[in-house]
Amino acid sequence: MKILRTILAGAAIALGLMGGAAQAQSTVDEIKARGVLRVPGILNEVPYFSKDPRTGEWKGFVIDMAGDIAKTLDVKLEVVESSWANAILDVQSGKVDMAFAVTATPTRALSVWFSEPTYFNSFVLVSAKAELEGKTWAELNDPQYTFAVDLGSAQDLIATQYLPKANMLRFKTRDEAIVAVATGKADGLVNTMLNGLVMTKKTADLGKVMVPTPVLSTPSVVAVNYGADEVWKSFVSGWAAYNRRIGNNQTWIVKSLEPFGITLDDMPEGFGFGG
């Protein structure tokens with residue numbers, strides 16, 4: 001009996017230690033112990049991100065969103081310089097704790113876990129050709145048209161699906177795609193609403209934002225490592241849903257557009273960040 005009590009006592013201690021170790025390894029505890037929440041930042045991607053080359057300070061609505069989470073956790077925010085192509089890899093490798101402004105696609109869902117949407121974005125056409133305005137995606141799907149897109153982006157996927165018959169110029173960077181439209185090599189550029197609004201304010205030669213029908217909207221989500229615990233995933237998803245529904249996310253987005261003179265009045269009829 002004494003031996004049995006000794007074994008049971010040892011087992012209880014071992015279980016307690018294991019439970020304590022598991023608890024100590026939770027994602028929230030790791031972030032709090034580190035004192036830093038890490039997110040990827042992409043250079044020259046306004047209104048999502050911008051970095052002051054003189055001070056190194058990051059701005060943009062993604063920074064405001066991530067900063068709100070860091071404040072909730074009572075930790076500092078650390079922005080890890082990355083790219084759209086590498087942000088998912090950064091989440092997978094554990095280089096960052098989460099990535100914002102990720103377009104939820106089935107392929108990406110195989111690599112990372114997605115939160116509830118933070119906001120909804122729509123795919124648009126940016127063009128100076130008035131004859132393209134008011135057309136459907138089906139009408140634009142014609143060999144007589146040439147469109148530009150940045151390779152591997154969500155808009156590239158949309159163009160592949162909805163404009164397979166049109167001539168498509170695919171570029172490594174968005175800036176190259178913009179140049180193709182500005183110089184007349186392409187009739188228009190396929191991109192998202194937010195990017196399109198900023199592009200046309202910065203480069204008047206591009207024309208205007210057009211919304212082909214049917215309106216194609218995609219959820220922008222937060223990507224988290226699949227290995228993260230359920231408490232962290234639940235918190236991130238709950239944060240996204242709460243701030244979308246009460247309008248905080250829209251407020252942060254609109255604030256980031258103000259330097260370009262863009263307001264809610266510039267949004268096409270029927271568009272809404274809440275979906």
Side-chain angles (χ1 to χ4, degrees), residues 42-51 58-66 68 84 100-103 117-137 139-140 147-150 153-156 158-159 162-163 173-175 177-182 184 186-221 240 243-275:
I42 295 104
L43 293 174
N44 304 317
E45 281 294 335
V46 292
Y48 306 89
F49 308 92
S50 66
K51 183 180 181 181
W58 286 85
K59 292 183 179 180
F61 74 79
V62 166
I63 304 303
D64 289 335
M65 290 180 180
D68 188 71
W84 290 122
F100 285 80
V102 174
T103 299
T118 52
Y119 65 94
F120 286 82
N121 210 348
S122 295
F123 292 99
V124 300
L125 181 66
V126 178
S127 177
K129 297 195 172 184
E131 63 268 26
L132 298 183
E133 189 167 10
K135 287 188 178 295
T136 65
W137 289 103
E139 290 171 330
L140 295 170
F147 300 115
V149 72
D150 38 327
S153 62
Q155 44 269 23
D156 187 6
I158 289 296
Y162 285 88
L163 304 172
T173 67
R174 185 181 307 152
D175 287 342
I178 291 173
V179 170
V181 177
D187 297 308
L189 180 144
V190 180
N191 215 284
T192 60
M193 178 70 70
L194 288 177
N195 289 334
L197 289 170
V198 173
M199 288 176 197
T200 54
K201 288 291 185 178
K202 293 174 67 176
T203 310
D205 292 344
L206 285 179
K208 62 186 297 186
V209 173
M210 303 175 184
V211 187
T213 53
V215 178
L216 304 177
S217 292
T218 181
S220 181
V221 299
N243 285 284
R244 185 187 78 250
R245 288 169 180 161
I246 68 171
N248 282 343
N249 289 341
Q250 175 174 293
T251 298
W252 285 317
I253 292 171
V254 172
K255 174 188 171 186
S256 71
L257 294 170
E258 287 177 354
F260 304 96
I262 300 171
T263 68
L264 283 175
D265 293 335
D266 293 302
M267 306 296 167
E269 186 177 351
F271 173 77
F273 293 112

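Computed over heavy atoms, backbone and side chain alike; hydrogens, waters and symmetry mates excluded.
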Donor-acceptor contact present, side-chain Ser220 to main-chain Thr118, <3.5 Å: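 Looks like no, no N/O pair under 3.5 Å.
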Determine whether a donor-acceptor pair (N or O, by modelled atom type, separation under 3.5 Å) exists between the side chain of Glu139 and the backbone of Thr136.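 Answer holds: yes.
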Go through the structure and list residues passing side-chain hydrogen bond (donor to acceptor under 3.5 Å, both in side chains) with [X], not counting sequence neighbours.
X: Trp252; value: none
X: Lys129; value: Asp187
X: Asp64; value: none
X: Glu45; value: Trp84, Arg174

For [X], check side chain to side chain contact (heavy atoms under 4.5 Å, CB included) against everything at least two apart and list the hits.
X: Pro219; answer: Ala104, Pro117, Phe120, Val221
X: Ala148; answer: Phe171, Ala177, Ala180, Val181, Ala186
X: Ala154; answer: Thr103, Phe123

Quick one: pull up [atom1] in [X] and [atom2] in [Y] and give me the separation to the nearest 0.5 Å.
X: Ile42; Y: Trp58; atom1: CD1; atom2: CH2; result: 7.5 Å
X: Leu140; Y: Leu132; atom1: CG; atom2: CG; result: 6.0 Å
X: Thr263; Y: Leu197; atom1: OG1; atom2: CG; result: 9.5 Å
X: Phe260; Y: Thr200; atom1: CZ; atom2: OG1; result: 10.5 Å
X: Met65; Y: Asn249; atom1: CE; atom2: CG; result: 4.0 Å

Give the minimum heavy-atom separation between [X] and [Y], together with the two atoms involved.
X: Val149; Y: Ser153; answer: CG2-OG, 4.1 Å
X: Ile178; Y: Leu206; answer: O-CD2, 3.6 Å
X: Thr192; Y: Val124; answer: O-CG2, 3.6 Å
X: Ile262; Y: Met267; answer: CG2-CE, 4.4 Å
X: Val62; Y: Phe49; answer: CG1-CE2, 3.3 Å
X: Asp156; Y: Asp150; answer: CB-O, 3.6 Å

Please test Val126 against Phe147 for side-chain contact (heavy atoms from CB on, under 4.5 Å), starting from the C-alpha separation and ending with a verdict. CA-CA 10 Å; Val126 178; Phe147 300 115; over 6 Å; no
Could you check if a side-chain atom of Tyr48 sits within less than 4.5 angstrom of a side-chain atom of Val198, using non-hydrogen atoms only?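 Counting from C-beta outward, Tyr48 and Val198 never come under 4.5 Å.
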Is the shortest heavy-atom distance from the side chain of Leu257 to the side chain of Pro47 under 4.5 Å?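 The answer is yes, as the side chains (C-beta and beyond) meet within the 4.5 Å cut-off.
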How are the rings of Phe61 and Tyr119 set to each other: parallel, tilted or perpendicular (split at 30° and 60°)?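 Because their plane-to-plane angle is over 60°, the rings of Phe61 and Tyr119 count as perpendicular.
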Tell me, which pairs form a salt bridge (charged side-chain N to carboxylate O under 4.0 Å, His left out) where one or both residues lie in residues 195-206, sequence neighbours left out?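 Passing the test, one end in residues 195-206: no pairs.
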Among pairs that include at least one residue of residues 257-267, which meet salt bridge (charged side-chain N to carboxylate O under 4.0 Å, His left out), considering only residues two or more places apart or in two chains?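 Matches after skipping sequence neighbours: none remain.
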Go through Leu125 and Leu189 one step at a time and tell me if the side-chain contact (heavy atoms from CB on, under 4.5 Å) criterion holds. CA-CA 6 Å; Leu125 181 66; Leu189 180 144; 5.8 Å; no
Return a table of donor-acceptor pairs under 3.5 angstrom between the side chains of residues 207-217 and protein atoms on other chains or two or more places apart.
from   : atom 1 : to     : atom 2 : distance (Å)
Lys208 : NZ     : Glu133 : OE1    : 3.4
Lys208 : NZ     : Glu133 : OE2    : 3.0
Ser217 : OG     : Ser122 : OG     : 3.0

Tell me, please, which residues at least two apart from Lys51 pass salt bridge (Lys or Arg N to Asp or Glu O under 4.0 Å).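 Once residues adjacent in sequence are excluded, the partners of Lys51 under the salt bridge (Lys or Arg N to Asp or Glu O under 4.0 Å) criterion are Glu81.
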For Lys135, what residues pass the salt bridge (Lys or Arg N to Asp or Glu O under 4.0 Å) criterion, not counting sequence neighbours?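 Salt bridge (Lys or Arg N to Asp or Glu O under 4.0 Å) check on Lys135 returns nothing, list empty.
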